[in-house]
Amino acid sequence: MSQTNNIYDLAVNGVRQLVPYIAGKPIEELERELGLTDIIKLASNENPLGPGKKALAAIQAALPKLTLYPDGNGFNLKAALAKKYALNVDQITLGNGSNELLELVARAFLAPGLEAMFSQHAFAVYPIVTQAVGANAVIVPALHFGNDLEAMAARISDLTRVIFIANPNNPTGTLLGQVDLQRFISALPKHCLCVLDEAYFEFVGDKEGINSLDWLKQNPNLIITRTFSKAYGLAGLRIGYGLSSPEIADILNRVRQPFNNNALALVAAEAALGDDGYLQQTIAVNSQGMSELTAGFKSLGLEWIPSAGNFVSVDLKRPGQPVYEALLRKGVIVRPVANYGLPNHLRISIGTPAENQFFLKVLAETLANV
């Protein structure tokens, strides 16, 4: 057996070639780097309202029991989700954020020689989980910054096992219509699993609403992933869920780690699920903030990608990295998206009215001087 002194040579090929996911810059990191104390973060699509009162109360009540392991099956949260969505408990898989669901799908259904498909400008985790298990990524050119379903259908082969579709898409915010999306999923061959990533579905307006849950009955190869990180304001607790056929859920639970959801996340998510007032406030703040930002972009002569999420990507008509760095120096954290194939765009999360106005003020100043 050959010997090596390079630890990287010991890693499997797909992992060795990976570039780690780069998260939005934390506030604490910018404080350390520049000594700033007045910072706003509009980079990671977090809820600007903070967690709801019901979720905080549930966390407080659970604190004395932190010496105990959490419920490894997440019984209460699964029951609440099943009741809300009129599904059976055995159709639900809980994840450490919806990101973990994406990884579980890759581990369970992909392997070297098989293919996963997703769009250009798609969520960065799709290629990461695909490459980590040694599968081949089929990246389909985007259509108007979003998923081109017709082109995707044409690229499906006997080796295609998983198709990742985010709706709304991150980082572009584009939304697929119900008729086209349902037709695409229904026409998929039986050997091909569709992951419909709905991390931002709560922000979709009623007129554009897509009731994807109805599709589970006719499409046993469909899994819908959702999260409590965005609209429910629990990003720091990392909890998401998958809705699917019982067969898919059974397979995913075979590779899911025990106790993958901590006790505070489980009780907070259950409480948040029943906090309709908080959710409606979140949606209202997001709608107002989207109008504020896009009006500001228009006044600056900038274009943006119309978004159905809680973020918007603006085209600066120049490289985005220098503008991003200049904004950092003024205490504003946004998200550069050159790694998504959008070097002239910045993605801006919707903030509070005060945060939105401060960002627009600083952006105008920066564009005039960079």
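Defined by atom type and a distance below 3.5 Å, a donor-acceptor pair is present between the side-chain atoms of Ser157 and Glu115. With no hydrogens or angles considered, a side-chain donor-acceptor pair links Tyr126 and Asp197 at under 3.5 Å. At a cut-off of 3.5 Å, with distance as the only test, a side-chain donor of Lys78 or Asn73 sits close to an acceptor on the other residue. At a cut-off of 3.5 Å, with distance as the only test, a side-chain donor of Asn47 or Tyr278 sits close to an acceptor on the other residue.
Pairs of residues two or more places apart, or lying in two chains, never qualify as side chain to side chain donor-acceptor pair (under 3.5 Å) while including a residue from residues 134-155.
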Evaluation steps, side chain to side chain contact (heavy atoms under 4.5 Å, CB included), between Tyr232 and Leu279 | CA-CA 7 Å; Tyr232 288 105; Leu279 180 60; 3.7 Å; yes
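Annotation: Tyr69, atom OH; neighbour count of heavy atoms from other residues, nucleotides and ligands within 6.0 Å does not exceed 12. The 12-atom threshold is not exceeded at CD of Glu303, counting heavy atoms of other residues, nucleotides or ligands nearer than 6.0 Å.
The distance between the ring centers of His345 and Phe145 falls below 6.0 angstrom.
The pair Glu365-Lys361 counts as a salt bridge, with a side-chain nitrogen and a carboxylate oxygen less than 4.0 angstrom apart.
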Identify all side-chain donor-acceptor contacts of residues 242-256 below 3.5 Å with residues at least two apart in sequence or on another chain.
unit_1 : atom_1 : unit_2 : atom_2 : d
Ser244 : OG     : Ala249 : N      : 3.4
Ser245 : OG     : Pro220 : O      : 3.3
Ser245 : OG     : Ile248 : N      : 3.2
Asp250 : OD2    : Arg254 : NE     : 3.2
Asp250 : OD2    : Arg254 : NH2    : 2.6
Asn253 : OD1    : Arg256 : NE     : 2.7
Asn253 : OD1    : Arg256 : NH2    : 3.4
Asn253 : ND2    : Ala249 : O      : 3.0
Arg256 : NH1    : Gly72  : O      : 3.2
Arg256 : NH1    : Asn260 : OD1    : 2.9
Arg256 : NH2    : Gly72  : O      : 3.4

Could you list the donor-acceptor pairs under 3.5 angstrom formed by side chains in residues 34-44, with sequence neighbours left out?
unit_1 : atom_1 : unit_2 : atom_2 : d
Lys41  : NZ     : Ser44  : OG     : 3.4
Lys41  : NZ     : Glu46  : OE2    : 3.1

